[in-house]
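Below is one structure, written out as structure tokens; the observations come after it.
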Amino acid sequence: MLDLKFIRNNLETVAAMLTARSNSLDLSEFKTLDSQRLELLGQVETLKNQRNTSSDTIARMKKAKEDAGAEITAMRDVSRQIKELDAQVSEVEKQLYEIVYLIPNLPHNSVPQGSTEEDNSFVREWGVKPELPFTPAPHWDIGEKLKILDFERGAKITGSRFTLYRDLGAKLERALINFMLDQHTEKHDYTEVLPPFIVNQTSMTGTGQLPKFADDLFKLEGLDYYLIPTAEVPVTNIFQNEILENSELPSYFVAYTPCFRKEAGSHGRDTRGLIRQHQFNKVELVKFSDPENSYDELEKLLANAESILQALNLHYRVVNLCCGDLGFSASKTYDIEVWLPGQGVYREISSCSNFEDFQARRANIRYRPKTGGKTRFVHTLNGSGLAVGRTLVAILENYQQEDGSVIIPEVLRPYLKGKEKITKQ
RNA sequence: GGAGAGAUGGCCGAGAGGUCGAAGGCGGUAGACUCGAAAUCUAUUGUGGGCUUUGCGCUCACCCGGGGUUCGAAUCCCCGUCUCUCCGCCA
């Protein structure tokens, strides 16, 4: 969330940002509630001061064996007023925060204007679009023919958008997870963590999934628990309500987790194949940085994610998301889009964002600056490094052969007992 | 799932209705001593909000979280969460 004081003093800026993000939230209510709150706080604090002073007096009088009856009677009324005002304050605050929690983050000034995908700006591409000497098949055909992906049985076991991986399909997925974790821990200095896959409401609110995006989450019945939609949630919340020492920054974490998403509102989209599943695997990179270096850290994080695609020799491009395409909590986001010849499109395979202090303020993650002085909020960043299911899709489609077999990328072979090719059984 | 114990500042640990934001110790910081270091001594050392003549000057809140009792709660009562011990169950 944004700083209350900032919103108060920059109401027009915030309103303009909402428009740029096509968000129709009305800020007039904020203005009213915010000034009400300050007014009430002033009143109640004056009374509390009175009570504190009087308490001392009463204590002194009692000690001196004097009669404090009159003082006590007078305070009875003051206490009653305090109670009433406190109740009003918390009611006003509740309403105020309901609004503030729905205000998205401010985009960084390097974020392009615009409202749709079309307005995202091209950053760079790596490799060349491969030309296959035959008509490439989509991964669902390849996977089914090789009997490594079983969509029908996945649907039977659970429902649509669930898939059963078999044999080398399962092994390839596992190899990718291990490969990615090894790369990031050994070459890029990330600390591996294996977090809970279920989190509470506080954590979900900390990273910004709640309260606004409750419809996208799987909630456990009768409990305050949710299945994580990304490792960003448990990993960013590692330091929830903590004050970090300067020496702990920057700090890098990498986590493999499954991700669970309802995909509400995407009926009919990407219904075939592995692209849009209710459950998928992801290796996630999460960073905590001081504000001065967070944009450098974002570039490095992006490069770390890209390095996986480079090692797998998969052609991709990087785009800088425009205002309208930016996620709720992000200040700036780069998407990495991998080329999928079977479908003839670039598909998002990683999303790398700087959230600045938006999540840190919600989750209350601070640090002590090197220069001393007051604690400040850290900047949080994260990015997929990479979405594992989509990486498997990219491998199947880019490494497919005319006979229906699939070559295994060299860097993965050590994870698959040296196997070089997936062929029909 | 059943029974019991506990949760206090960066850490350990006092505290049991009134000058307690909280003794004491450790740690941290600054200074003294020293050629320098250690030891010793001295001082200082939480977080957030509001006001502000911007002087951390005044003030409010915070002793797991939420309610309650009271003129007054770290201290008493209720609910919840978490941790530990024992029993049961279990990968």
Side-chain angles (χ1 to χ4, degrees), chain A residues 1-9 30-97 99-101 194-206 210 220 222-226 234 237-249 251 258 288 291 357-378:
Chain A
M1 72 187 171
L2 301 177
D3 181 32
L4 271 189
K5 213 182 281 180
F6 176 86
I7 305 173
R8 185 183 305 147
N9 298 331
F30 170 88
K31 223 174 155 176
T32 316
L33 291 166
D34 181 56
S35 44
Q36 260 181 40
R37 172 171 172 272
L38 290 182
E39 171 67 25
L40 287 168
L41 278 178
Q43 288 176 25
V44 77
E45 283 186 8
T46 307
L47 290 176
K48 281 182 178 173
N49 184 17
Q50 204 176 323
R51 180 177 70 184
N52 288 345
T53 314
S54 181
S55 275
D56 280 358
T57 312
I58 292 169
R60 262 182 249 275
M61 290 173 87
K62 291 223 166 185
K63 211 166 201 175
K65 308 275 189 217
E66 290 170 37
D67 177 27
E71 195 77 21
I72 288 172
T73 313
M75 277 307 106
R76 224 166 252 164
D77 192 48
V78 171
S79 275
R80 190 185 46 74
Q81 288 181 55
I82 290 174
K83 204 177 223 174
E84 277 171 24
L85 285 170
D86 268 342
Q88 285 181 48
V89 169
S90 50
E91 178 53 30
V92 168
E93 284 189 342
K94 196 182 134 224
Q95 292 178 34
L96 184 66
Y97 279 101
I99 296 171
V100 173
Y101 274 136
L194 183 61
F197 302 160
I198 295 174
V199 299
N200 60 30
Q201 191 186 31
T202 305
S203 293
M204 282 293 188
T205 306
L210 288 177
L220 300 198
L223 294 169
D224 179 33
Y225 289 168
Y226 299 80
N237 277 287
I238 287 175
F239 294 131
Q240 180 199 110
N241 282 319
E242 291 193 35
I243 300 174
L244 304 177
E245 291 307 323
N246 193 271
S247 57
E248 296 178 79
L249 297 178
S251 99
F288 300 85
D357 64 7
F358 188 86
Q359 295 181 324
R361 185 171 287 109
R362 287 177 164 239
N364 193 27
I365 307 170
R366 293 168 293 168
Y367 78 105
R368 296 182 201 284
K370 213 178 293 177
T371 50
K374 297 190 78 167
T375 56
R376 300 172 68 192
F377 290 111
V378 300

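In this text the structure is predicted, and so the values were computed from the model without any measurement. Values below: all heavy atoms of this structure, side chains included; hydrogens, waters and symmetry mates excluded.
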Next item on the list: Decide whether A:Q95 and A:E91 meet the rule of one side-chain donor and one side-chain acceptor closer than 3.5 Å.
Entry: yes

Item checked: Considering all heavy atoms, the nearest A:N364-A:R366 contact -> OD1-NE, 3.2 Å

Notebook entry, point to check: Measuring from A:N237:CG to A:T202:OG1, what's the distance to the nearest 0.5 Å?
Noted result: 8.5 Å

Check: Considering only heavy atoms and no angle criterion, is a donor-acceptor pair shorter than 3.5 Å present between the side chain of A:E45 and the base of B:G49?
Finding: yes

Item checked: Complementary nucleotide for B:C71 - Watson-Crick or wobble, under 3.5 Å -> B:G18

Notebook entry, point to check: Among B:C60, B:C71, B:G48, which nucleotide sits nearest the side chain of A:R366?
Noted result: B:G48

Next item on the list: Name the closest nucleotide to the A:M75 side chain, picking from B:C60, B:C71, B:G50.
Entry: B:C71

Notebook entry, point to check: For B:G88, what is the paired nucleotide under Watson-Crick or G-U wobble rules, both distances under 3.5 Å?
Noted result: none

Note to self: Measure NZ/A:K63 against P/B:C20 and give the value in whole Å, please.
What the structure shows: 9 Å

Item checked: Minimal non-hydrogen separation, A:L96 against A:D34, with atom names -> CD1-N, 3.8 Å

Check: Would you say a side-chain N or O of A:N49 is under 4.0 Å from OP1 or OP2 of B:C60?
Finding: yes

Next item on the list: Figure out the CZ/P separation between A:R376 and B:G48, and round it to whole Å.
Entry: 13 Å

Check: Considering Watson-Crick and G-U wobble pairs with both distances under 3.5 Å, what does B:G57 pair with?
Finding: B:C51

Next item on the list: Map A:R368 and A:K5 onto RNA chain B by nearest heavy atom, then report which one ends up closer to the 5' terminus.
Entry: A:R368

Note to self: Side-chain N or O of A:K83 versus OP1/OP2 of B:C71: is the shortest distance under 4.0 Å?
What the structure shows: no

Item checked: Paired nucleotide for B:G10 [Watson-Crick or G-U wobble; both distances under 3.5 Å] -> B:C26

Item checked: Separation between the C1' atoms of B:G68 and B:C87, rounded to whole Å -> 35 Å

Checklist line | Spacing of A:L41 atom CG relative to B:G48 atom P, expressed in whole Å | finding: 17 Å

Check: Toward the 5' end of RNA chain B, which comes first, A:D56 or A:Q50, by nearest nucleotide?
Finding: A:D56

Check: What's the CG-P distance between A:N241 and B:G48, to the nearest Å?
Finding: 12 Å

Item checked: Proximity to the side chain of A:N52 - top-ranked nucleotide from B:U47, B:G18, B:A61 -> B:A61

Checklist line | Pair assignment for B:U40, Watson-Crick or G-U wobble, requiring both distances under 3.5 Å | finding: B:A32

Note to self: From the set B:G49, B:C71, B:C60, return the single nucleotide nearest to any side-chain atom of A:S79.
What the structure shows: B:C71

Note to self: I need the NZ-P distance between A:K62 and B:U19, as an integer number of Å.
What the structure shows: 14 Å

Checklist line | Candidates B:G49, B:C60, B:G50 - which lies nearest the side chain of A:K374 | finding: B:G49

Item checked: Closest to side chain of A:K48, choosing from B:C71, B:A61, B:G50 -> B:A61

Notebook entry, point to check: Which one, B:G18, B:G48, B:A61, comes nearest to the side chain of A:T375?
Noted result: B:G48

